[in-house]
Structures are given as C-alpha cells and as structure tokens.
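Right, one structure below, let's go through it.
Note that the coordinates shown come from a computational prediction; the quantities given were computed from them, not determined experimentally. Quick note: numbers below take in every heavy atom, side chains included, and nothing from hydrogens, waters or symmetry partners. Lettering of chains follows the sequences in order, A, B, ..., and the numbering in each one begins at 1.
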Amino acid sequence: MTTPSTPAVNALDILRDRGFLYQNTNEEGMRQRLSGGPATFYVGFDPTGNSLHVGHLLPVMAMRWLQHCGHKPIALVGGGTAMIGDPSGKTEARPIMSVDIIDDNARAIQGQLGRFLDFAPGKATMVNNADWLRDLRLIDFLRDIGSLFSVPRMLSAESVRMRLETGISFLEFSYPLLQSFDFYYLCKERQCQFQFGGQDQWGNIVAGVELTRRLLGQEVFGATFPLLLKSDGTKFGKTAGGAVWLDTARTSVFDYYQFWRNVDDADVTKLLGFFTTLPMDEVRRLGSLSAPAINRAKEILGYEATALAHGHDEAIKAFLAAAREFGFADPDGQIETSSRIREADCTSASEDIPTVEISAADLTAGLGILALLVKAGLCASNSDARRLIKGGGCYLDDDRVGDEKLVISPEHFHAGIVTLRAGKKARKRIKLV
RNA sequence: GGUAGGGUACCGAAGUGGUCAACCGGGGCAGACUGUAAAUCUGCUAGCUAUGCUUUCAGUGGUUCGAAUCCACUCCCUACCA
C-alpha cells in the first residue's frame, strides 16, 4: 500500500476526479468538513458471502483514497441487518442467515479488506452492527426511532415502490430504520460523520442523515457511488464462472488478472480511474491510446488491479504468464507509465500458467481427453467436455482435438508438459509427474 | 380465515395427457472474423460407461400403456375480501 504522504488535495476532489461520486447530500458541506482535519466515515458491507468480488471493489477503492487522505474508515458488516435482508434493489426477500455464518463471513471479509485498507490500531476499524442492533428494545425503538419516520414517505421510496407489486414484509420494510440507526449510533459513539454506499443505498443513507440530524442536532453527510456498468450496459464483474472473487481459492490470480486484461476498450479509462492508483493524467493518457496500443493500457490495468488485491509479485507473475501465452502488448516499453509493471522482465522464462499435475500411472490407466478436461477444471462434466470438442474449442498445444475418445499418451508431452486449452483464453498447463 | 391466480432449466417466459431434456428471449460457452477488445454471423447450453440409458418442470402420493400437463394432500408466493 502506498504511504500516505501529506496530501494537500481534498479527498472529495480525488473522488470526484476519479469518478467515484454520484449523489451527495451536501457536497459543499462535505468538502469543507473533509478539509477540516481527519474525519470518520463508514461503508456497509453485506456479510452474505464469505468473499468479496470485484463488484464490491468500488466502495473499497473509495475508502482507500479517503484513508490515504488521512480520514478514518469504518467498515461495517451488517451482521444485524443481514438477519433482515435489505430490500433495496431486490425483487424478492433474501434468505435470512444464521449468526454463525454471518460471523464467519465477516471475518473473511475483513481479511480481504485488509489488503486495501490499513487496519492498524487507530486506523481503519471493522464493526458489526449486530453488536448494537440485537440489544434494541422494541418499545423503545418504536418510540424513539419509529416516531421519526413517515410511512407515506417510506412508501414513496423507489426500493419500496417496486416491491409494492411483488410484496414486501414489514421485516424488510423496517430495514431503512435499522440502517439509519447504524449511522446515528456510529455518529454518537464514534464521531462518524459520513456514510458512503452504492447507488441503491441512497434512500437508506438519506434517511440516516436525517435521523442523525434530528436525534443529535448535528449535520452528517452521505454520498453514493455510481452503479458500475460495462459500456454495453450489462453488469460489471461477472464472467464465465460467475463473479470474479478476491479469494484465490475461487478465482486464481491468473484469472483475476485476465479479467481485467480482457475488459472492453471503452471501459479502460473508467476502470483505471476506479481500480488503480495511477495519477489521473496518466490514466487519461493510457485510456485514450488507440488501436493495438490500448492493449498496453489493459495490461497496466490488469497488473495494477491485481497488485492491489494480491501483491506486486503475484501480479507480475500473472502478467508474464498471460503475456507469454498471448503476446506482449508493448515488449519494448515504448509506452510510458509510472506503473511498476515496467519492472517485469519480459525475457525471463518462468511458468506461471495454472498447472495441473497428472501422474504416469494415470496415463498407463488410459486417461481420456474428456476426463482430462474435467480434471483440469476446464469443463464441468464429461458432457460439457464433449460439447467443447464438438465445437472445435479444445487444443493440446496447438493441435485441435477432434476426437472425443482421444487417449492421452506420453507422446503428447514435450519435456513433460502440454498445454490444454478450452477456447482461446482458458488454458491449463498439464504436467506429467 | 374466505375467494381467485400462481410455483417450469442460470434468469425471464412458453408448454396444459403422448412427437418434451421441454418453444422463445436474455445470459453463458465455443467456432469464424479480430487486438486475449467491440460489433457481426454460426453452433451449443441436465447427467452418463451414450445411435441407448438415467434424473429434471415446488413436494408427496395417485389416475393412466404413458404426466411438466389430470386428481388428492402438503409447502411457498401473489391479488382481492375478511
């Protein structure tokens, strides 16, 4: 993580310049407060899974910038509210989760956030709203908090209106009260004056700002991040096997790098701004590269994003492994960049394509191509592998496999290694041991 | 509690006794063209020891030579009424 060197720029200007800001309860007020010394802010995370994926990263990067500017992040896991399920942006109620699972998930998420934020004492903190929400007493809550919410107003919220047709229970309807209470509580107990969240959180955030003002007589601020879509309007962050995870057990570093390497041309500038820490003038320059040179910008995006999540060394390995397979976009370093990707030695010969080992005994037993595809994790089932071969998408090194009954033999290996490909991009190195 | 309408593959949505592993759209995968891009065109999209077999249309049981389709009960959702 870069060392926060005395930043003279207002955090808000950085966020705005890089495209992080969408809606804001009071931008001027927020700017003034942020330039008036360290401030505390919070962002909520939903502990319904045990790993973050790239769809969660936008708020994380924003938090990183704010921390970089000297402000203090609170990452709130909604252990209490997850027991309810936020109706925002959902067409139906979500399954309610058990406390144990939520706690496990919260731990895993904090571990991942730690790669982006500094959780050292006095720096970022992690809180679980279950700690205060489960102690609420119904009568007190209804009287003190419930009395401040107007039902007609709540009903007019977009998130509620879209559920009016399909149904919404009182449980979910109450969600904004609890999230608002979080903000109030964090302001009172921890002097937290800012809440950030996704676009779909706007209603909840505004409600929290108002509740806090009414209960504490203090102005607090809220802002939302834009909804990240690809240039073709589809959801960002999903790919072949679903989401792109930060957990290397679910998405390998190589695949993580490849995800960024393969984004649309049109999204490069935007993504460099969000998911790297390169200066914006460089971002704009790289993003406007044309024709094949744009590929260098994608390599840089891939390296930078991967380095943040998995470290410099891993990112370089992924970059080299991929570039060796597909070609280097700028082998001679013609395109100027401040990215540490420059340090990569394009002539070294490490082998970091994900590798699967098979034993000589497997071969002797008669290993078929279908079984190998499944074993390598390139196909979900034998039928899937059959389809791949029928469609002409399976290669052993550079030879297309046309026979689904092909039996793998030692002749397929060169120096004990053969590259198995499923389509152009998915590939595994098969190593004979 | 009453009445009515629903629950189909990753999502949306047809199908209302056989020709249904189930139209179509989205998504995804693969092929061609490319720049590991986009757009476009084409094919595929339950599993298997595979010209056949097995498991799928909320659940359980039943009718039938035969059911996603008919019947009974159960669970869940929605609307109106109370």
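- A:K425 has no carboxylate O lying under 4.0 Å from a charged side-chain N of A:E325, or vice versa, which leaves the two without a salt bridge.
- A heavy atom lying under 4.0 Å from RNA chain B marks the following residues of residues 390-406 of chain A, by number: A:G391, A:G392, A:G393, A:R400.
- Figure legend: A:R421 and A:Y395 shown as a cation-pi pair, the cationic atom lying under 6.0 angstrom from the six-membered ring centre and within 45 degrees of its axis.
- Residue A:A322 is in base contact, counting any heavy-atom pair closer than 4.0 Å across all strands shown.
- Between the C1' atoms of B:rA46 and B:rA9, the separation comes to 8 Å (whole Å).
- In this structure, the separation between OG on A:S174 and CD on A:Q179 is 13.0 Å, given to the nearest 0.5 Å.
- A:S381 comes within 4.0 angstrom of sugar-phosphate atoms only, judged by non-hydrogen atoms across all strands, and of no base.
- For the pair A:R427 and A:F254, the NZ or CZ position fails the cation-pi test of under 6.0 Å to the six-membered ring centre and within 45 degrees of the ring normal.
- Residues forming a ring-ring contact (aromatic ring centres under 6.0 Å, His included) with A:F225 (at least two apart in sequence, or on another chain): A:F196.
- A side chain to side chain contact (heavy atoms under 4.5 Å, CB included) with A:D397 holds for exactly one of A:L420, A:T419, A:I417; it is A:T419.
- Using atom C1' as the reference point in both B:rG59 and B:rC48, the two lie 26 Å apart (nearest Å).
- Atom CZ in A:R324 sits about 17 Å away from atom P in B:rU36, given to the nearest Å.
- Comparing the P positions of B:rA4 and B:rA14 gives a spacing of 22 Å, expressed to the nearest Å.
- The residue A:R261 sits close to a base: some heavy atom pair falls under 4.0 Å.
- One C1' atom belongs to B:rU8, the other to B:rA68, and the distance between them is 7 Å to the nearest Å.
- One donor-acceptor pair, N or O on each side, does fall under 3.5 Å between the base of B:rG35 and the side chain of A:D265.
- A close approach under 4.0 Å does occur between a side-chain nitrogen or oxygen of A:K425 and OP1 or OP2 of B:rA37.
- For B:rC44 and B:rU49, the C1' atoms lie 23 Å apart once the distance is rounded to whole Å.
- Between B:rA38 and A:N262, no contact under 4.0 Å exists linking OP1 or OP2 to a side-chain N or O.
- For the side-chain hydrogen bond (donor to acceptor under 3.5 Å, both in side chains) with A:K298, the qualifying choice from A:D267, A:D265, A:D264 is A:D265, the only one to do so.
- Of the P atoms belonging to B:rC33 and B:rG25, the separation is 26 Å, rounded to the nearest Å.
- When the C1' atom is compared between B:rG7 and B:rC57, the two are found 10 Å apart, to the nearest whole Å.
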